[in-house]
Amino acid sequence: MIFVSNFQLVDYNREMRTYDDTMFIDTFEHEYTWLNGFMRNVARFSNRNALIDPETSRVWTYKTLNEESNRLANALQSIGVQKNDVVMAAIRNCPEFAFSYIGPRKIGAILLAANFNLAAGEFALLINHNKPRVVLYSANIAKIIDEASKICQWKPEKFILVDNIEKVCIPENHVSYEDFTKNASSENPKINFRPHIYDEVLRLWTRETTALPKSVPINDINEVLSAHDVIMHYPMNQNDITLNMTPWFHRGGCHSGGLCPTFYAGASAVIMRKFQPTVSLEWVEKYQITFLMGSPPNLALLARSQEKSPKNLSTLRGLVTMGAPLSKSDCIRYMQVLTPNIFNGYGTTESFWNSFLRPYNLPDSAGSVGLSCTDDEVRVVKIYSDRKAEPEDCVPCDNKTEGEIIIRAPGKTTYSYFNNDEACRDKFYKGWMYTGDSGIWNEDLCVTVRGRKDDMIVVSGENIYPNQIEEAINRHPKVKDSIATGIPDKIRGQAVVAYIVPKDKSLTIQELFEFCTKSKILSIYKRPRYFALVEQIPMTATGKKKRSEMKSRTLEDLAKGILRKD
């Protein structure tokens, strides 16, 4: 197999071109933005539905969606938010998320889309790292955000409560979204800068290790090309109606049929605050949804619901899933029960999806992640203990030799993390992202993921580092040490398991559950569901915990009663 070197730089001087490229460069770099694409649709499809909220029976056309986004932009501008300031949104899928997705970029601000499932201490860490001027948050996490606002070192100027369908009390010194925007103009805000395709417009939060968060910058051309990727691969157009059953703050949630491609294509998005399988199917029938996005556990629950109480799903042009490969048996079941139009993508927060299985690839290629996307390249390179493999140092395409999966996606990633040089050096090299996933590939360059090189636990599509769980548990005064891993779970994909070496023999499982429940640094989805008290933790000769060894025994320990829920 021969690869052309991808890192030979040639300096083509302007004088070498055969035409005057001045206007092209100026227009492309300043005008080819996601916001301009959205505004074209505001003009083209002014009265067409853009956003549908079934729970509150509200609908926004492209015209009214733009007006609401302008109100937010003007309100932010009125308190001094300007270009490159950060606006943090810890918001479930709701109308205000859509306004926040569009509004800040109109004044050059950056939307930090945060996971709303975090604990107060984690929110404080995220705020300290990104220093947002404003924090918007959903009413259902008001108490957690209020606590975070009191313990964070960086103090945002405004905390704004949105989507208050629960009618919760607004914390002291916070303000409601309605009050914040009520006097703001619905006209496009005035700006004193010229947008550029390399401007950061979105910042996503990805899997953290022990302390410093990984905040992923997404620039404007990333947004445009991520939208194009979906529009090309589905394909999607202005007649489509999408429902993402996963949170929009994810890269997959935002870009895989979420707001980014939907509004860029002129299509319509249906809002779902919390996944409910039966309701999802009812809405497909009622709103004639054409693309439905969710994680593999979502699909399992959809199939179960459809088997019990069938709905008319004939409008579905695609059921799209990311986060994990589908088994062949599951794929066949979903194709028979839900729709034959199954799509399965593989990628990362940093690079969106980078390989893609389409309906014509399935079910035969189920279990793999398929071939690289049109503009991307996925390879499997050798694993060395002391260095990264070079991008050309690939393992044989024999479908058995394991290596590390690396990704080149020049249009959809900035190859960077905000203010985290160490993470950048670890992940990005010569235009490639080193995923930490291990895998194999065949002679057709079709890749199959074998596991997590870094022992990641994936719960309901959320990536979790074991060492953060261990760090939290080890704060218990009766704990000497701990090791965390995952166990298969039919609903969540995996559940967290913690093995504990007690310092005090009086330690009980119930104490550990209560301790983790009260932890300020463990989100609900990160809390262990199973515990076991053990005498020792297996270690390598260099003192590293053997998580793979513990993971291999979890099912047996559960069957023996060694792992207990309480």
Atom CD1 of I165 with >12 non-hydrogen neighbours under 6.0 angstrom: yes
With no hydrogens and no angle check, just 3.5 Å: does a side-chain donor-acceptor pair link Y234 and D240? no
Test item: E350 side-chain N/O and Y415 main-chain N/O as donor-acceptor pair under 3.5 Å: no
Within a strict 4.5 Å, meaning less than it, do heavy atoms of the W34 and F263 side chains meet? yes
Drop me the distance from L51's CG to D53's CG, to the nearest 0.5 angstrom. 7.0 Å
Applying salt bridge (charged side-chain N to carboxylate O under 4.0 Å, His left out), can you list everything that pairs with D330, at least two apart in sequence or on another chain? none
With the side chain counted from C-beta on, respond yes when P54 and I52 share a heavy-atom pair under 4.5 Å apart, and no when they do not. yes
Intermediate values then yes/no, side-chain contact (heavy atoms from CB on, under 4.5 Å), L65 and F38: CA-CA 10 Å; L65 174 59; F38 171 75; 3.9 Å; yes
Are any side-chain N or O atoms of S305 and backbone N or O atoms of L302, one a donor and one an acceptor, separated by less than 3.5 Å? no
In this structure, are over 12 heavy atoms from other groups packed under 6.0 Å from R58 atom CZ? yes
Decide yes or no on side-chain hydrogen bond (donor to acceptor under 3.5 Å, both in side chains) for E31 and N36, but give the supporting numbers first. CA-CA 7 Å; E31 303 297 330; N36 278 348; 3.2 Å; yes
Would you find a donor on one side and an acceptor on the other, under 3.5 Å apart, between the side chain of N237 and the backbone of A267? no
Do N49 and Y287 get their side chains close enough for a donor-acceptor pair, meaning under 3.5 Å? no
Validation row: L371, C446 side chains within 4.5 angstrom (heavy atoms): yes
Under a plain distance cut-off of 3.5 Å, with no hydrogens placed, do N47 and K63 share a side-chain donor-acceptor pair? no
Checking T315 side chain against T290 main chain: does a donor-acceptor pair fall under 3.5 Å? no
Measuring centre to centre across the rings, with the benzene-like ring taken for any Trp, is F343 within less than 6.0 Å of F356? yes
Is it true that a side-chain atom of D199 and a backbone atom of H196 form a donor plus acceptor pair closer than 3.5 Å? yes
Indicate yes or no for a side-chain donor-acceptor contact from N354 to the backbone of G347 under 3.5 Å, with no hydrogens or angles considered. no
Taking atom types as modelled, find out whether S226 and R251 have a side-chain donor-acceptor pair closer than 3.5 angstrom. yes
If we only count heavy atoms from C-beta on, is the I91 to W248 side-chain gap below 4.5 Å? no
With heavy-atom distances below 4.5 Å as the criterion, would you say the side chains of P195 and D220 are in contact? no
dist N140:CG -> C94:SG (nearest 0.5 Å) comes out at 9.0 Å
Are a donor atom and an acceptor atom from the side chains of S351 and T348 found within less than 3.5 Å of each other? yes
Side chain proximity check, S46 to Y62, heavy atoms < 4.5 angstrom: no
Once you round to the nearest 0.5 Å, how far does CG of N70 lie from CD of Q77? 10.5 Å
Any heavy-atom pair between the side chains of R333 and E307 that's under 4.5 Å? yes
Does E187, at its CD atom, have more than 12 non-hydrogen atoms belonging to other residues, nucleotides or ligands within less than 6.0 Å? no
Evaluate the criterion side-chain contact (heavy atoms from CB on, under 4.5 Å) for residue pair Y264 and V230; output intermediate values, then yes/no. CA-CA 10 Å; Y264 196 84; V230 172; over 6 Å; no
Test side-chain contact (heavy atoms from CB on, under 4.5 Å) applied to R529 and R492, step by step: CA-CA 11 Å; R529 296 193 70 220; R492 301 168 184 82; 3.2 Å; yes
Any idea which heavy atoms bring N93 and T246 closest together, and the distance? ND2-O, 3.1 Å
Kindly compute the distance separating NE2 (H129) from CG (L112), expressed to the nearest 0.5 Å. 9.5 Å
Look at the rings of Y32 and H228 and say which category their plane angle falls in: under 30° parallel, 30 to 60° tilted, over 60° perpendicular. tilted
Examine the side chains of E122 and N115 and answer whether a donor and an acceptor come within less than 3.5 Å of each other. no
Closer than 3.5 angstrom, by distance alone: can the side chain of S176 be matched with the main-chain N or O of D179 as a donor-acceptor pair? yes
Would you say L326 and P296 make side-chain contact, with heavy atoms under 4.5 Å? yes
Applying the side chain to side chain contact (heavy atoms under 4.5 Å, CB included) criterion to V86, which one of E200, R203, R133 satisfies it? R203
Regarding N298 and S295, is there a side-chain donor-to-acceptor distance under 3.5 Å anywhere? yes
Counting only heavy atoms not in Q288, do more than 12 sit closer than 6.0 Å to its CD atom? no
Sole residue of R92, E96, H174 in side chain to side chain donor-acceptor pair (under 3.5 Å) with Y137: H174
